[in-house]
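First comes the structure, then the notes that go with it.
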Protein chains: 2
Amino acid sequence: MEDKKSSSKTRAAIMEAAGKVFAEVGYSKATIRDICREAGANIAAINYHFGDKKSLYIAVLKHYQEIAFRAYPPDLGIKETQKPEEKLRAYIRSFLTRIMDDVHPAWFGRLLAREFTEPTWAFDILVEETIRPSFQLLTEIVAEIIGKNSKERIVRLCSMSIVGQCLYFRHSHPVITRLYPGESFGFKHIKESTEHISFFFFARTHRRRKEQAFRGK
Amino acid sequence: MEDKKSSSKTRAAIMEAAGKVFAEVGYSKATIRDICREAGANIAAINYHFGDKKSLYIAVLKHYQEIAFRAYPPDLGIKETQKPEEKLRAYIRSFLTRIMDDVHPAWFGRLLAREFTEPTWAFDILVEETIRPSFQLLTEIVAEIIGKNSKERIVRLCSMSIVGQCLYFRHSHPVITRLYPGESFGFKHIKESTEHISFFFFARTHRRRKEQAFRGK
DNA sequence: AGTCGTTTCAAACGATTGTTTGAATTATCT
DNA sequence: AGATAATTCAAACAATCGTTTGAAACGACT
């Protein structure tokens, strides 16, 4: 009675407003009154169109999850014939873009980054439909680079290091702006961040050379 | 009338219970009723001893901040004469221990890690009294390693990479346990994590050799 | 126009939150 | 012991939360 498509105007408006508010303040601190005011809808509209707050959150999650991965697929620009190093670079760039983008498919990046460090009850959905395939691809690329017969645990450690760096480049804003006013590591610096994280992974010798080239640019 | 020492039994009990609850569920989701039940105190005791919930949170933050850094100082085991690589290793180990430890001075690590990725209004206190000096030390060590005349931005990128990895090794629990049931990267694996993050920073050549040694252990 | 199903709305509900109150209890000191 | 201050307690307060209600407004079709 509620969960059907019911492709009304307000339903779409609520989805958009909810995504924005959820991403801004998180699930528990987001109030349906805020969402409805943002959407220009009545408070009861959420119950009518989605059932309750939880179902709304799940609907938002699933919807933007699909959009975000259509816009920035994990294998963005990766050809099977490419060198593993290039694959990793593409993966990192795609991952960073997905979690940094605040406007395009909108806010899903912030939701994803938030669930990554502080999971809600809806985390299982994300794990199975988004995180697992994405992380699986990453471990395969990493294994290609450090050697196919490396211990699984080492592959996972390396993959976690990459994910950790990407996520922190998203979360570091509040820290960085306080520590170094004027500094910024955001959406505009994805290319720089991608190169940096790749350098970290490849080797110091590599890094030295390419960093020079990058600085000269 | 409230903020004084008033070193009563219940005040200490509330501090301990509050630290535990705040670390578990975060500031906003922590209720003073939970805290008081945990401490075996009356609900009004918080207002009496601390004023309000915010002041209690600040008191907890400042108190355990001091204890945690007394237990795990950022320059733990660092001698001025040591090689920069050893300094970095010691820094990482100290940082990881501080944010991983769940029992010793207790829960401050979780609070710190939580504020790092999702700051509250009390974040400024942590930045000035804890994060800034700690991050300053890290950038100095990094600068020593990659070259004193490196660009500041590159030094900061490298430092952020290290912090990001450390924090993610703390936050990854929910993801890892779902992706690979049975796997674990916790307090018991600080040595392994320290070595891993150091490897990431130093060089692949270095890493290859030492990882073999570590695996053989 | 008139009917039926869908959608919107103002209002209220019960639950939970942080905070306050004023009396009761305990501790401290002359 | 008695007076005074400090502390604890049960109870209630006002505000906010997610959710529900029942009637009003709307839209599509005969």
Side-chain angles (χ1 to χ4, degrees), chain A residues 1-61 63 111 114 118 120-123 125, chain B residues 1-61 63 111 114 118 120-123 125:
Chain A
M1 175 197 298
E2 327 98 354
D3 223 350
K4 311 301 288 183
K5 301 175 194 173
S6 65
S7 57
S8 72
K9 214 89 173 179
T10 58
R11 196 191 136 96
I14 289 177
M15 287 277 287
E16 186 158 321
K20 186 175 174 185
V21 176
F22 280 142
E24 270 175 2
V25 299
Y27 172 78
S28 60
K29 296 182 85 172
T31 72
I32 64 173
R33 283 174 173 81
D34 274 345
I35 293 172
C36 287
R37 193 184 320 120
E38 182 90 18
N42 189 273
I43 316 174
I46 283 183
N47 179 29
Y48 180 77
H49 286 282
F50 299 93
D52 56 1
K53 190 183 172 186
K54 282 189 178 182
S55 305
L56 169 63
Y57 188 64
I58 292 178
V60 169
L61 227 50
H63 183 234
L111 280 180
R114 191 181 290 275
E118 191 155 12
T120 71
W121 42 265
F123 188 58
I125 298 173
Chain B
M1 176 195 299
E2 328 96 355
D3 222 352
K4 309 302 288 182
K5 301 174 193 174
S6 64
S7 55
S8 72
K9 215 90 174 178
T10 57
R11 197 193 135 96
I14 289 177
M15 288 277 288
E16 187 158 320
K20 186 177 174 184
V21 176
F22 280 141
E24 270 175 4
V25 299
Y27 172 80
S28 59
K29 296 183 85 172
T31 72
I32 64 173
R33 282 173 173 81
D34 274 346
I35 293 172
C36 288
R37 193 185 321 118
E38 181 90 21
N42 188 273
I43 316 173
I46 282 182
N47 180 28
Y48 180 77
H49 286 283
F50 299 92
D52 56 1
K53 191 184 173 187
K54 282 190 178 183
S55 304
L56 169 64
Y57 188 62
I58 292 178
V60 169
L61 227 50
H63 183 234
L111 279 180
R114 190 181 290 274
E118 191 157 12
T120 71
W121 41 266
F123 188 57
I125 298 174

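Each chain gets a letter, A, B and so on, in the order its sequence line appears, and its residues count up from 1.
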Which pairs of donor and acceptor atoms, one on a side chain in residues 12-28 of chain A, lie under 3.5 Å apart (sequence neighbours left out)?
{"residue": "A:Lys20", "atom": "NZ", "partner": "A:Glu38", "partner atom": "OE2", "Å": "2.9"}

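Across D:dT19, C:dT19, D:dA6, the shortest atom-to-atom separation from the side chain of B:Tyr48 is found for D:dA6. The listed nucleotides are D:dT8, D:dT19, C:dA10; the one nearest the side chain of A:Ala44 is C:dA10. For A:Asn42, counting side-chain heavy atoms from C-beta on, the closest listed nucleotide (C:dT19, D:dT21, C:dA10) is C:dA10. Each of D:dT8, D:dA10, D:dT21 was ranked by its minimum atom distance to the side chain of B:His49; first place goes to D:dT8.
Between C:dT8 and A:Thr10, a contact under 4.0 Å exists linking OP1 or OP2 to a side-chain N or O. For the pair B:Asn47 and C:dT20, the criterion of a side-chain N or O lying under 4.0 Å from OP1 or OP2 is met.
Taking atom CZ on B:Arg11 and atom P on D:dT8, their separation rounds to 12 Å, with Å as the unit. Summarising the geometry, the separation between CD1 on B:Ile43 and C1' on D:dA11 is reported as 9 Å, rounded to the nearest angstrom. One atom, OH of B:Tyr57, and another, P of C:dT17, lie 18 Å apart when rounded to the nearest Å. Between B:Ile46 atom CD1 and D:dC9 atom P there is a gap of 13 Å when expressed in whole angstrom units. C:dT19 atom P lies 8 Å from atom NZ of B:Lys53, rounded to whole Å. Rounded to whole Å, atom C1' of D:dG18 lies 12 Å from atom CZ of A:Phe22.
Scored by the side chain to side chain contact (heavy atoms under 4.5 Å, CB included) test, B:Arg37 finds B:Asp34 as partners (sequence neighbours excluded).
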Test side-chain contact (heavy atoms from CB on, under 4.5 Å) applied to A:Tyr57 and A:Ile125, step by step: CA-CA 11 Å; A:Tyr57 188 64; A:Ile125 298 173; over 6 Å; no
Carefully, step by step, assess B:Thr10 and B:Tyr48 under the rule side-chain contact (heavy atoms from CB on, under 4.5 Å). CA-CA 11 Å; B:Thr10 57; B:Tyr48 180 77; over 6 Å; no
Verdict with reasoning, B:Lys53 to B:Ile46, per side-chain contact (heavy atoms from CB on, under 4.5 Å): CA-CA 7 Å; B:Lys53 191 184 173 187; B:Ile46 282 182; 5.6 Å; no
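The distance from atom CG of A:Leu61 to atom CZ of A:Phe123, rounded to the nearest 0.5 Å, is 10.5 Å. Rounded to the nearest 0.5 angstrom, B:Ile32 CD1 and B:Asn42 CG are separated by 9.5 Å.
Non-hydrogen atoms lying under 4.0 Å from DNA chain C are contributed by B:Ala30, B:Thr31, B:Ile32, B:Arg33, all within residues 27-37 of chain B.
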